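Following: one structure in structure tokens, then a few remarks.
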Amino acid sequence: MNEVIMLVSLSVIFGAMLSGFATFRMTGMRLMPHFASLIIAFILTLASLFVDNNIVFYSAIAFQIIAPITICGTICNILKTQFQNTGIYSSHLALMGMLFILAIGNLFI
Amino acid sequence: MIREISVKGLRSPSLLVDRVLEKMKDGILVIETDGEEQIKDIENLMKKIGYKMETDGNVVKIMVGEIKADKTINVVGATCPGPIMMVSDMLDKMNVGEVLEIIAGKNALTDLTEGLKGAGHEVLSVEELGDGNYRILIKKGEKKAEAVASVTIDELFIINTTGTGNAEKAYATFMMADIAKKMNLKPTIFLMMDGASLALKGECDKVKHPDFPKLGDLVRMAIKNGIKVYVCELSAKFRGINEKNLEDGFEIAGAPTFLNYLSKPNVRPVWL
């Protein structure tokens with residue numbers, strides 16, 4: 001129930017959404033499950049800052065963990081076949097990596 | 001032995017060709033013709049006597065018996081640029097007019113035929129062997145300096161280096177090829193570096209911009225329209241793309257094919 005970590009998570013998700021839009025446009029507008037889970041994570045994280053409810057809190061964390069996982073399939077393919085383009089995705093990837101650790105931190109700290 | 005004759009202006013070139021062939025035991029007969037009608041006449045004769053022939057524009061080549069090569073080289077298994085380097089080294093040591101026999105895999109076929117043609121050598125024959133490899137006969141030639149004259153650009157060489165990582169450029173590659181075809185500019189696509197990712201089976205089907213048809217459909221249409229799509233062998237290898245997971249209609253080629261296109265005066269390269 002650490003509000004500071006939750007606020008940091010929210011800022012990371014917001015940043016990830018913006019950098020995600022850039023990659024989304026670049027790659028021909030695919031990545032739908034990842035896109036959806038990131039937006040849901042943003043809404044739930046924002047809600048958990050204002051609503052004192054365990055269900056909202058845990059589902060926000062669940063989606064913070066699910067969002068980075070849903071990118072795995074696509075990013076593995078990109079790393080395998082288009083690695084010279086990965087510079088473009090690196091900011092988004094960095095934020096996704098941070099989000100995953102923050103979510104776990106939120107759960108145990 | 002290579003014999004060259006001209007049958008230009010003859011109504012029945014097959015009569016002359018038949019007489020010449022009677023005296024030849026082995027080798028290649030290169031015939032310069034006027035065009036289609038004469039080629040047809042020679043083709044009918046070949047059907048009767050059973051010799052193999054190849055047509056290259058207005059020139060017909062007839063293979064008589066087994067051609068004896070002066071030297072032989074086997075480049076099966078070598079990856080680009082290995083084959084062309086090995087063959088070039090060998091050709092350097094040979095005299096003009098001598099014949100070199102090359103045994104090569106399918107991956108090096110286009111590179112060798114296109115690359116060596118560009119270097120001024122003559123491809124005498126390309127034969128598929130039973131084991132999936134090819135036997136190429138090359139006659140060593142000399143690169144002639146061509147006089148610079150005004151040249152009409154009638155071919156586009158579209159080079160994609162970004163692949164599906166940049167969907168807009170991927171779309172542009174195939175759309176430009178399609179438009180070039182409609183404008184009677186012969187398009188050829190070369191995918192290299194990240195561009196090679198477009199050659200992975202099913203990869204193009206994942207890209208769909210709401211305002212355009214699926215990229216995979218554009219690719220299939222381009223192939224159906226006879227647009228050649230080459231994939232750089234080294235880039236493909238870097239990305240785990242091989243003959244098994246290569247998109248249908250794409251062809252693996254290498255640096256010699258790429259440079260051969262870039263060195264043609266009538267070709268305009270377009271980098272994407």
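Side chains included, hydrogens not; waters and symmetry mates left out as well; all remaining heavy atoms used. In the text below, chain A, chain B and the rest are named by the order of the sequence lines, each starting its count at 1. Every value quoted in this text rests on a predicted model; they were computed, and no experiment measured them.
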Looking at every non-hydrogen atom in both residues, tell me the closest pair between B:Leu200 and A:Thr81 and how far apart they are. CD2-CG2, 4.0 Å

Under 4.5 Å from a heavy atom of chain A, the part of B:Lys208 involved: backbone

Neighbour count >12 (heavy atoms, 6.0 Å) for atom NZ, B:Lys228: no

Closest non-hydrogen atom pair, A:Lys80 against B:Arg239: O-CG, 3.6 Å

Look at atom CE of B:Met85 and say whether more than 12 heavy atoms of other residues, nucleotides or ligands are closer to it than 6.0 Å. no

Is it the case that over 12 heavy atoms from other parts of the model lie below 6.0 angstrom from the CE atom of B:Met193? no

Could you report the tightest heavy-atom contact between B:Gly165 and A:Asn85, atom names first, then the distance? CA-ND2, 3.5 Å

Value rounded to 0.5 Å, distance of CD in B:Glu168 from CE in A:Met26: 9.0 Å

Need one label for B:Phe238: side chain, backbone, both or neither, based on atoms under 4.5 Å from any heavy atom in chain A. both

Pair B:Thr164, A:Gln82: side-chain N/O donor-acceptor within cut-off below 3.5 Å: yes

What residue, out of A:Asn77, A:Ile78, A:Ile88, has the most heavy-atom pairs lying under 4.5 Å from chain B? A:Asn77

Out of B:Ser197, B:Ser235, B:Ala236, which one racks up the most heavy-atom pairs below 4.5 Å with chain A? B:Ser197

Tell me, for A:Tyr89 versus chain B, whether the close heavy atoms (under 4.5 Å) come from the side chain, the backbone, both or neither. side chain

